[in-house]
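On a predicted model such as this, the values are computed, not experimentally measured, just so you know. Letters A, B, ... are given to chains in the order of the sequence lines, protein chains preceding strands, and every chain is numbered from 1.
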Number of protein chains: 2
Amino acid sequence: MLNETAVAVLEQTGAAEPEKRIRDRGATERAILKAAKNLLAEEGFQNFGINAVARRAGCDKQLIYRYYGGLDGLVEAIGADLGNWVKDRIPEDTGGMFLLTYGDLMERLSLLFLEALREDPLMRRIVAWEVSENTEQVKRLSEARSKALGQWLDRMRGSLTPPKGVDVAAVNALIFASIQHLVLAAAAGGQCAGLLLKNGKDWEKAATALKRLVRGVYG
Amino acid sequence: MLNETAVAVLEQTGAAEPEKRIRDRGATERAILKAAKNLLAEEGFQNFGINAVARRAGCDKQLIYRYYGGLDGLVEAIGADLGNWVKDRIPEDTGGMFLLTYGDLMERLSLLFLEALREDPLMRRIVAWEVSENTEQVKRLSEARSKALGQWLDRMRGSLTPPKGVDVAAVNALIFASIQHLVLAAAAGGQCAGLLLKNGKDWEKAATALKRLVRGVYG
DNA sequence: CCGGTCTGTCACCAATCGGTGAGTAACAGT
DNA sequence: ACTGTTACTCACCGATTGGTGACAGACCGG
């Protein structure tokens, strides 16, 4: 992919000639980052490499080394970009319902997280990457993701206090783990543990089951 | 790796010379399959390829094509071998406790599955593979795994009937999803959703949280 | 106008990948 | 002992990978 501007020029002139790309480091850096994110989201981490990113960004891989210090730096940039995930996912109201109890809150958060993950292929790929490898790259990415998720949870929690006598951290980890694996398995193979997850009806079943699970522990 | 017999000869003679491997197709086939399983379990699916398997098996990759019809056939053989997972994991008694209710059963099954997955690196890699890729290879492997898991569940269930009014399939899918993701995340990074999972104490917390989750839905 | 810096391109490297065709050595049957 | 089959090895293929050094052209300050 060429710079947006360069593409525009090409389309205007209709020239088949290379028509020289614009010298704009900022734009190129952005194009590389965008290409990397799209590539990771669409193809997964399997074929995520310098060559593939450069190919998709329409520039030489040398520029990735220069501007990002190689793939590692680029991955780190993706991680930093993940910080924006928080503010994109914060609804202003509470959906018209009052969150009186911790159970209300967790039910709402679970469903929101389920929905958000279903609609975010990049985040899914990152989660899958996390459980498949343990390189430095992934560690940093994982760190950024959990940090973003933590921020999101904090913002949403408000002033509600968790119940006593329950290991909230462990229980919530299990709940979020179930959501993540459910969505990942569905995205990969259309089912999870024999449960089909294709059409909206299937997902409704999963959502009510999730509600039941949450309500079971948090009343 | 050479044939077991060839290794024995090598060790006896102490020869540094190549000392010709034994011509035993059956043994070679077994060596290849074993090498493939170990490689997948130890290194993960990332570097799982014809060359790597042949290198580890100590034979030429040509033999993998001949005996298994390439990597696909070899993966299929691994899948078929997964059928043995069932009988390896069936305890004879119920651990000294009576399983009177469906809740009793599911609590026990959850904990057993958690334990089994924690101690089975090959199975973990396969699960991680399933949620990361969607090739034919993985599909078949996934099929074999879910079939084995289904068999295991059937054997363990006995004659207990699930409660009415609950979408058992969906709820159980969520429960098993939570276990799988928990174990995968722990194996990869030592934590899951911020919850540390390193020493036995951590795992006990997770286990009690899991029990609480199960008991919450199934009483 | 000239020299240096910045942006981008290209050619090349060794290593590895999956895959194949040809050859060699050990065995079994006669 | 000769023959054919089986088990196995080796050398090579084209493609792709991550990585580097050299070069060309646009831009800017003097």
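When the C1' atom of dT9(C) is taken as reference, atom CD1 of Ile32(A) falls 13 Å away, rounded to whole Å. The distance from atom OH of Tyr68(A) to atom P of dG18(D) is 18 Å, rounded to the nearest whole Å. Counting to the nearest Å, the C1' atom of dG19(D) and the CG atom of Leu63(A) are 14 Å from each other. In this structure, the CZ atom of Arg25(A) is 16 Å from the P atom of dC28(D), given to the nearest Å. For Asp24(B) and dA26(C), the CG to C1' distance is 13 Å, given to the nearest whole Å.
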Find every protein N or O atom lying less than 3.5 Å from an N or O atom of nucleotides 1-5 of chain C, and list the pairs.
none

**Asked** What is the per-nucleotide protein-contact pattern of nucleotides 14-23 of chain C, from the 5' end, where B denotes a base atom under 4.0 Å from a protein heavy atom, S denotes such proximity for sugar-phosphate atoms only, and - denotes neither?
**Response** ---BBBBB--

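Distance NZ/Lys37(A) to CD1/Ile126(A): 9.0 Å, rounded to 0.5 Å.
In this structure, Arg118(A) forms a cation-pi arrangement with Trp203(A), its terminal cationic atom sitting closer than 6.0 Å to the ring centre and no more than 45° off the ring axis.
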Distance-only donor-acceptor pairs under 3.5 Å for side chains of residues 188-202 of chain A, two or more places apart:
| from | atom 1 | to | atom 2 | distance (Å) |
| --- | --- | --- | --- | --- |
| Asn199(A) | OD1 | Lys201(A) | N | 3.1 |
| Asn199(A) | OD1 | Asp202(A) | N | 2.9 |
| Asp202(A) | OD2 | Lys198(A) | N | 2.9 |
| Asp202(A) | OD2 | Asn199(A) | N | 3.3 |

Would you list the atom pairs, donor with acceptor, under 3.5 Å between side chains in residues 64-80 of chain B and any protein atom, with sequence neighbours excluded?
| from | atom 1 | to | atom 2 | distance (Å) |
| --- | --- | --- | --- | --- |
| Tyr68(B) | OH | Glu29(B) | O | 2.9 |
| Asp72(B) | OD1 | Gln137(B) | NE2 | 2.9 |
| Glu76(B) | OE1 | Arg140(B) | NE | 3.2 |

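For Arg124(A), the side chain to side chain contact (heavy atoms under 4.5 Å, CB included) criterion is met by Leu117(A), Pro121(A), Val183(A), Leu184(A), Ala187(A), not counting sequence neighbours. Every residue two or more places apart in sequence or in another chain that forms a salt bridge (Lys or Arg N to Asp or Glu O under 4.0 Å) with Asp154(B) is listed here: Arg157(B).
At a threshold of 4.0 Å, the pair Glu42(B)-Arg56(B) counts as salt-bridged, since one of the basic side-chain nitrogens sits closer than that to a carboxylate oxygen.
Distances shorter than 4.0 Å separate some side-chain N or O of Thr28(B) from OP1 or OP2 on dC8(D).
Across all non-hydrogen atoms, the minimal contact from Ser178(A) to Ile175(A) is OG-O, 2.6 Å.
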